[in-house]
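Being a predicted model, the structure only gives us computed values, none of them experimental.
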Amino acid sequence: MPDFDKQSYWHTRFESETAFEWLIPSSTFMPLLEAFLQKLPGSDANILHLGFGTSDLQVQLRTRGFTNITNVDYEPLATERGRHLEKAAFGHVRMRYITADATRLDSVPDISFQKYHLVIDKSTADAISCAGDDAVLAMAQGIHRSLADGGVWISVSYSAFRYDIPQLPFDVEVITKLPIAKARATDPDIYHYCYLLRPKPKKA
């Protein structure tokens, strides 16, 4: 398996890659997000988008009217491409782009001083899982501390067991299973999973 958890992998990849959607196109993901976008306090809701890479999901969200979005990626080339993509689509840049490690969100003041109504990742946790469950747990703990009251985390993964992690500070629900197209009718059913993660209630 490639070193998806290593910044060097993404630097080499993004030197030539300009557009790629992990697991599902952003246009497929947006309808899954719609019910949660409608519950946000308004178009100025604070959204954290982790591991955007060369996806156009942030552009889709801005098209929907949201601009208070912090886009975070491990690799500086991604943040550069993200700004260019937004400017090409809208003529100017209004969203924030930060180069940071999603397993160390507390170390980034521009993130840790904020509270987010919605956190989104599309296979970012999958990439981080290459470093083990502890890395995914560190990501989850950082997100947990960054959520506003009532805030949720929506995550798309190829794994049915991505969040089967002891001490995970979230209750986990599968919103939907997305079937992968088969090459042959006799091929087994394989799915991608869209998860809803809500912070566990605080103990009395």
Under the 6.0 Å and 45° cation-pi test, does K177 pair with Y193? no
Taking C-beta and beyond as the side chain, do L57 and M30 meet within less than 4.5 Å on heavy atoms? yes
Do you know which two heavy atoms are closest between Q58 and H49, and how far apart they sit? OE1-CE1, 3.6 Å
Does D149 pair with K115 as a salt bridge, N-O distance under 4.0 Å? no
Atom pair CG/OG1 of L77 and T18 - distance to nearest 0.5 Å: 12.0 Å
Just verifying a value: how many Å separate L32 CG and I24 CD1, rounded to the nearest 0.5 Å? 5.5 Å
Roughly how far apart are I190 CD1 and K182 NZ, rounded to 0.5 Å? 9.0 Å
Among F36, Y163, Y195, whose ring-ring contact (aromatic ring centres under 6.0 Å, His included) with W153 holds? Y163
Residues S26 and E21: side-chain donor-acceptor under 3.5 angstrom: yes
Trace of the side chain to side chain contact (heavy atoms under 4.5 Å, CB included) decision for H144 with F170: CA-CA 8 Å; H144 186 270; F170 288 91; 3.8 Å; yes
Residue K87 excluded, over 12 heavy atoms near NZ under 6.0 Å: no
Please determine whether the number of non-hydrogen atoms from other residues, nucleotides or ligands lying under 6.0 Å from atom CD of Q167 exceeds 12. no
Is there a chain of hydrophobic side chains (I, L, V, M, F, W, Y, each step under 4.5 Å between heavy atoms) that links L61 to L85? no
Nearest atoms (heavy-atom pairs only) where V59 meets A89: CG1-CB, 4.0 Å
Is it the case that one hydrophobic cluster holds both F20 and L50, taking links as side-chain heavy atoms less than 4.5 Å apart, direct or via other members? no
For residues Y116 and V72: do they belong to one hydrophobic cluster (side chain heavy atoms under 4.5 Å, members Ile, Leu, Val, Met, Phe, Trp, Tyr)? yes
Closer than 4.0 angstrom, basic N to acidic O: yes or no for D106 and R145? yes
Distance, nearest 0.5 Å, that separates CD1 of I69 from CZ of R96: 9.0 Å
Between P199 and L147, is any pair of side-chain heavy atoms under 4.5 Å apart? yes
Looking at every heavy atom in both S107 and R104, which two are closest together, and how far apart are they? OG-O, 2.7 Å
Result for side chain to side chain donor-acceptor pair (under 3.5 Å) between S155 and one of D126, D121, T124 points to D121
Point-to-point distance, once rounded to the nearest 0.5 Å, from CD1 of I154 to CD1 of I47: 11.0 Å
Take R62 and E86, measure what salt bridge (charged side-chain N to carboxylate O under 4.0 Å, His left out) needs, and give me the verdict at the end. CA-CA 9 Å; R62 181 169 171 182; E86 183 183 1; 2.6 Å; yes
Remaining members of the apolar cluster that contains F113, side-chain heavy atoms under 4.5 Å: none
If we ignore angles and hydrogens, is there a donor and acceptor under 3.5 Å between the side chains of R94 and N68? no
Least distance between heavy atoms, A100 atom then I111 atom: CB-CD1, 4.4 Å
Co-membership, hydrophobic cluster, residues L196 and V136, 4.5 Å side-chain: no
Can you tell which of D171, L168, I143 makes a side-chain contact (heavy atoms from CB on, under 4.5 Å) with L197? L168
Answer with yes or no whether the side chains of T99 and T79 bring together a donor and an acceptor at under 3.5 Å. yes
Evaluate the side chain to side chain contact (heavy atoms under 4.5 Å, CB included) criterion for residues L118 and N46: first the C-alpha distance (whole Å), next the side-chain angles of each, then the deciding distance (0.1 Å), finally the verdict. CA-CA 7 Å; L118 178 64; N46 210 5; over 6 Å; no
Using the rule given for side chain to side chain contact (heavy atoms under 4.5 Å, CB included), can you reason through Q114 versus L48, listing the C-alpha separation, both sets of side-chain angles and the distance that settles it, and then say yes or no? CA-CA 10 Å; Q114 299 288 323; L48 180 62; over 6 Å; no
Residue that, paired with H192, satisfies side-chain contact (heavy atoms from CB on, under 4.5 Å) out of I180, T176, T28: I180
Aromatic contact, F29 with W22 (centres under 6.0 Å): no
P166 versus D164, closest heavy-atom pair with distance: CD-O, 4.1 Å
Taking it one step at a time, do R64 and E34 satisfy side chain to side chain contact (heavy atoms under 4.5 Å, CB included)? CA-CA 10 Å; R64 179 68 171 68; E34 186 61 32; 2.5 Å; yes
Listed once per pair and sorted, the ring pair (Phe, Tyr, Trp, His ring centres under 6.0 Å) pairs that draw on residues 77-110, sequence neighbours left out: F52-Y97
Are Y158 and V172 linked, directly or through other ILVMFWY residues, by side chains that come within less than 4.5 angstrom of each other? no
If you measure from CG on D110 to CD1 on I98, what distance do you get to the nearest 0.5 Å? 4.5 Å
Which atom pair, heavy atoms only, marks the closest approach of S27 to Q60? N-NE2, 3.9 Å
